[in-house]
Amino acid sequence: QVHVVESGGGLVQSGGSLRLSCTASGILFSINSMGWYREAPGKERELVASITSGGTTNYADSVKGRFTISRDSAENTVYLQMDSLKPKDTAEYYCHALVIREREGIRYEYWGQGTQVTVSS
């Protein structure tokens, strides 16, 4: 049973901070990367930040300098520290895990259930 579970969303005022957590469990193979996506009403889901098993990070331009993605030593949990939040950051945030093992013909993607982040002006 594979589970990807997020938590940490909530209400915050502009300029405030939130820290999201995501734990991926039950995945047999090593996870190549994990990331955070967000989906605002009327807009498509977009990548916010990602981190590979080697520690390489990637951020959307809109959150650079404000958000920080990290992982624990076991690489089964990732965090998204969100500082200087803006109303435009309001969205449902989803955790994503990617497993790729080309020799075995394996490519799996797993999604969490989502956690709501609302930033008031």
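The backbone N or O of T68 lies less than 3.5 Å from no partner atom in the side chain of Y79, so there is not a single donor-acceptor pair. With hydrogens and angles disregarded, a donor-acceptor distance shorter than 3.5 Å links the side chain of T115 to the backbone of G9.
Residues meeting the side-chain hydrogen bond (donor to acceptor under 3.5 Å, both in side chains) test with N76, sequence neighbours left out: none. Not counting sequence neighbours, the partners of Y37 by the ring-ring contact (aromatic ring centres under 6.0 Å, His included) test are H96, W111. Checked against side-chain hydrogen bond (donor to acceptor under 3.5 Å, both in side chains), R45 has the following partners two or more places apart in sequence or in another chain: E39. Qualifying salt bridge (charged side-chain N to carboxylate O under 4.0 Å, His left out) partners for R19, counting only residues two or more places apart in sequence or in other chains: none. Remark: E109 pairs with no residue by the salt bridge (charged side-chain N to carboxylate O under 4.0 Å, His left out) rule, at least two apart or across chains. For S25, the side chain to side chain contact (heavy atoms under 4.5 Å, CB included) criterion is met by H3, not counting sequence neighbours. Residues meeting the salt bridge (charged side-chain N to carboxylate O under 4.0 Å, His left out) test with R71, sequence neighbours left out: E75. Applying the side-chain hydrogen bond (donor to acceptor under 3.5 Å, both in side chains) criterion to T90, with sequence neighbours excluded, gives no partner residue. By the salt bridge (charged side-chain N to carboxylate O under 4.0 Å, His left out) test, K64 is found to be paired with D61, residues two or more places apart in sequence or in another chain being considered.
Hydrophobic cluster of I100: the remaining members, joined at side-chain heavy-atom separations below 4.5 Å, are L98, listed by chain and number.
Between C22 and M34 the shortest heavy-atom distance is SG-CE, 3.8 Å. For the residue pair L80 and A49, the shortest heavy atom distance occurs at CD1-CB, 4.1 Å. Here the closest heavy-atom approach between residue S62 and residue R38 is recorded as OG-NH2, 3.3 Å. The two residues V48 and V63 make their nearest non-hydrogen contact at O-CG2, 3.6 Å.
Pairs engaging residues 90-105 under the salt bridge (charged side-chain N to carboxylate O under 4.0 Å, His left out) rule: R101-E104 [sequence neighbours left out]. Within the structure, side chain to side chain donor-acceptor pair (under 3.5 Å) contacts touching residues 6-16 (residues at least two apart or in different chains) are E6-Q113.
Transitive grouping of hydrophobic side chains (ILVMFWY, heavy atoms separated by less than 4.5 Å) brings V2 and V99 into a common cluster. The cluster map of Ile, Leu, Val, Met, Phe, Trp and Tyr, joined by side-chain heavy atoms under 4.5 Å apart, puts I106 and I31 in the same cluster.
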Item to complete: Give the C-alpha distance, both sets of side-chain angles, the deciding distance and a yes or no for side chain to side chain contact (heavy atoms under 4.5 Å, CB included) between T23 and V5.
Response: CA-CA 5 Å; T23 298; V5 181; 5.5 Å; no
Practice prompt. Before giving the answer on side chain to side chain contact (heavy atoms under 4.5 Å, CB included), spell out for L20 and V117 the whole-Å C-alpha distance, their side-chain angles and the decisive distance to 0.1 Å.
Written response: CA-CA 9 Å; L20 306 183; V117 172; 4.1 Å; yes
Item to complete: Let me see the working for T52 and N32 under side chain to side chain contact (heavy atoms under 4.5 Å, CB included), right down to the final yes or no.
Response: CA-CA 6 Å; T52 70; N32 293 84; over 6 Å; no
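Rounding to the nearest 0.5 angstrom, the gap separating the CH2 atom in W36 from the CE atom in M82 is 8.0 Å. L18 CG to D89 CG: the interatomic distance, rounded to the nearest 0.5 Å, is 10.0 Å. We find the OG-CD1 distance between S33 and I51 to be 10.0 Å, quoted to the nearest 0.5 Å. Within the model, atoms SG of C95 and OH of Y110 stand 13.0 Å from one another, a figure rounded to the nearest 0.5 Å. With rounding to the nearest 0.5 Å, the separation of OG in S17 from CZ in F67 is 9.5 Å. Atom NZ of K43 is separated from atom NZ of K88 by 9.0 Å, given to the nearest 0.5 angstrom.
Contact annotation: the side chain of V119 never approaches that of L11 to less than 4.5 Å [non-hydrogen atoms, C-beta and beyond].
Within a 6.0 Å radius of OH in Y108, no more than 12 heavy atoms belonging to other residues, nucleotides or ligands are found.
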